[in-house]
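Report on the following structure.
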Amino acid sequence: MSEANTSPFYITTAINYPNGRPHIGHAYEAIAADVIARFQRAMGRDVRFQTGTDEHGLKMARKAEEQGRTPRELADEMSGYFHSMDEALNISFDRFIRTVEDDHHRASQAIWERMEAAGDLYLDRYEGWYSVRDEAYYDESELKEGEGGAKLSPQDTPVEWTVEESWFFRLSKYQEPLLELLKTPGFLEPASRRNEMIAFVEQGLRDLSVSRTSFDWGVKVPGSDNHVMYVWVDALTNYLTGLGFPDETDNMSKFWPASLHLIGKDIVRFHTIYWPAFLMSANLPIPQKVFGHGFILARGGEKMSKSAGNVADPLELAEQFGVDALRYFLMREVAFGKDGSYSAEAIVERSNGELGNAFGNLAQRTLGFIAKNLEGRLPVNNGFTEDDNALFAAVEKAVSTDIPEAFEVLALQQGVEAWLQACFACNAYIDAQAPWTLRKTEPERMETVLATLYICIARLAAAIGPVIPASSAKLLDTMGVPADARSYAGILGEWYEQLAGGGFRIEGPKPLFPRLELPAEDAA
């Protein structure tokens with residue numbers, strides 16, 4: 001394993017807009033961020049992981065009005081659904097931030113004051129097109145024509161003509177620094193998103209309206225009675241709030257600038273143009289990386305929407321198929337950065353064929369064989385052979401090189417594929433060595449084969465831990481692997497010899513991944 005990066009690692013998701021309940025796209029981003037956070041922890045880094053909800057803006061105010069209640073009442077209810085989703089999906093966040101919290105209002109006002117002190121804010125009148133659903137302003141040239149001549153944003157959302165007094169941010173002042181930043185290798189990935197943003201900036205940047213007077217559900221502009229901040233100034237500042245900004249906290253000095261903002265491809269502009277410009281103005285460091293992942297699409301490749309009636313509830317899917325099966329499917333099925341789709345058939349196929357057969361059954365029959373034929377004591381190594389060492393080499397390469405290198409560059413699908421290939425190698429090995437036959441003819445050789453498998457299975461369980469944390473922990477608990485040996489480096493150590501010498505015994509294991517069946521409505 002190459003020398004580990006021991007620097008602190010700060011990862012954030014986009015904070016979710018809770019004007020509706022979570023769907024599978026929200027779950028996908030949370031799970032992907034969690035896999036990355038858990039991976040970095042397993043690599044020995046001090047990780048901080050933040051997620052949460054973005055609760056201000058006109059969209060929330062109008063929704064609350066329609067329902068005859070206050071925006072705060074709506075926000076409290078809907079944010080709770082996202083918090084529950086994260087807990088149900090085993091998301092290991094350090095902070096779930098809400099933009100209605102007092103410390104966030106304080107942080108947002110502090111960054112506003114810094115931008116004002118830099119001379120980058122001025123009062124004027126805004127006239128232009130605004131999408132309530134996107135909480136975004138659009139130039140006439142960006143609009144599309146919808147049915148009946150209606151104007152739509154680039155995201156196909158309705159826009160409305162808005163006229164009001166507004167504070168403006170001198171975005172145009174930062175055009176060249178932003179171009180330089182966007183062209184910096186590694187700042188924005190994948191490359192397709194980077195090229196889009198470079199083209200957008202090269203067309204010329206206009207100053208940005210950053211306050212509203214037509215509603216009051218938001219962070220108050222300092223010193224103003226009738227202006228609230230444009231929701232993106234407020235929302236983006238959450239990444240600083242969670243570290244204690246504007247105070248000079250230990251977390252600020254340790255974790256800022258953020259290592260990775262993980263976001264959907266539809267909000268890349270806000271995170272790679274507006275946010276860096278705000279930070280430059282406030283004299284704060286720029287995040288190291290922004291990654292704009294793709295969408296999870298419904299069956300047939302359609303984008304999910306409430307109006308189309310094809311929104312998938314992630315909690316229903318998790319309850320139906322299992323949390324780890326859902327997590328594994330999303331990381332295995334979709335090339336990270338591109339769009340992907342899901343179906344019940346695909347989830348069942350991946351879980352049964354890969355988690356169940358390639359890994360779960362391998363562990364089940366190996367540990368069950370030990371429990372039955374060795375009365376649960378760990379098998380003795382009577383001298384590893386060339387075949388054993390070849391399997392060790394294949395698994396160690398996956399655990400120490402292929403999986404970490406893929407996960408490090410956010411090639412999550414490729415990392416899972418490398419793990420699966422190592423599982424296949426273990427299955428080929430057990431079939432070739434046939435310990436059930438050796439039990440009668442060469443019992444000492446049988447024990448060495450079982451010891452080889454035991455070590456390799458534990459290594460693979462630890463390596464896939466970021467993706468299926470509960471199942472991984474359950475198996476490693478059953479196998480007696482100590483907590484300090486479950487990292488990528490630790491699992492390659494000498495824990496097995498200590499366990500075998502300490503009299504540890506295996507009890508008959510229970511299936512890790514019970515076979516899934518298609519629901520009746522999907523099987524028809």
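Any value given below was found using the heavy atoms of this structure, including those in side chains, with hydrogens, waters and symmetry copies removed.
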- [ ] Working to the nearest 0.5 Å, report the span between CZ of Arg505 and CG of Leu378.
- [x] 9.0 Å

TODO: Please check if the side chain of Arg193 supplies one atom and the backbone of Phe291 the other of a donor-acceptor pair under 3.5 Å.
DONE: no

Task: Rounded distance [0.5 Å steps], OG1 in Thr272 versus CD1 in Ile267 - done: 10.5 Å

Task: Interatomic distance, Asn361 atom CG to Asn427 atom CG [nearest 0.5 angstrom] - done: 8.5 Å

Open item on the list: Would you say the ring centers of His26 and Tyr81 fall short of 6.0 Å from each other?
Closed with: no

Open item on the list: Can a side-chain donor-acceptor contact be found between Thr157 and Gln155 if the only test is distance below 3.5 angstrom?
Closed with: no

Open item on the list: Using modelled atom types and a 3.5 Å cut-off, is there a donor and acceptor pairing between side-chain atoms of Ser351 and backbone atoms of Val348?
Closed with: no

- [ ] Look only at the side chain of Lys265 and the backbone of Phe295, and say whether a donor-acceptor pair between them is shorter than 3.5 Å.
- [x] no

- [ ] Return yes if some donor-acceptor pair links the side-chain N/O of Arg459 with the main-chain N/O of Phe392 below 3.5 Å, else return no.
- [x] no

Task: Any donor-acceptor N/O pair, Glu507 side chain to Gly376 backbone, under 3.5 Å - done: no

Task: Geometric cation-pi criterion Arg350 and Phe329, 6.0 Å radius, 45° cone - done: no

- [ ] Give a yes or no on whether the backbone of Ile468 and the side-chain of Ser472 come within a donor-acceptor separation of less than 3.5 Å.
- [x] no

- [ ] Enter the distance from Phe255:CZ to Asp250:CG here, rounded to the nearest 0.5 Å.
- [x] 10.0 Å

- [ ] Indicate the ring-plane relationship of Phe270 and Trp232, choosing parallel, tilted or perpendicular according to the 30° and 60° boundaries.
- [x] parallel

TODO: Please work out which of the three classes, parallel, tilted or perpendicular, describes the rings of Trp419 and Tyr328, given edges at 30° and 60°.
DONE: perpendicular

TODO: Indicate whether any N or O donor in one side chain lies under 3.5 Å from an N or O acceptor in the other, for Gln413 and Glu417.
DONE: no

TODO: Verify whether one side chain among Ser92 and Asp34 offers a donor that lies under 3.5 Å from an acceptor in the other.
DONE: yes

Open item on the list: Is the shortest side-chain heavy-atom distance between Asp484 and Trp495 below 4.5 Å?
Closed with: no

Task: Asp54 side chain vs Ala235 backbone, donor-acceptor pair below 3.5 Å - done: no

Open item on the list: Any donor-acceptor pair under 3.5 Å linking the side-chain atoms of Asn238 with those of Gln50?
Closed with: yes

Task: Under 3.5 Å donor-acceptor, Asp431 side chain and Ala428 backbone - done: no

- [ ] Tell me yes or no: between the side chains of Asn251 and Arg95, is some donor less than 3.5 Å from an acceptor?
- [x] no

TODO: Ignoring hydrogens and angles, state whether a donor on the side chain of Thr385 or Asp388 is under 3.5 Å from an acceptor on the partner side chain.
DONE: yes

- [ ] State whether the side chain of Tyr488 and the backbone N or O of Val399 hold a donor-acceptor pair below 3.5 Å, judged by distance alone.
- [x] no

Open item on the list: For Phe9, is there any backbone N or O sitting under 3.5 Å from a side-chain donor or acceptor partner on Arg45?
Closed with: no

Task: Minimum heavy-atom distance between Leu284 and Phe245, given as atom pair plus value - done: CD1-CE1, 3.9 Å

Task: Donor-acceptor side-chain pairing of Ser7 and Asn5 below 3.5 angstrom - done: yes

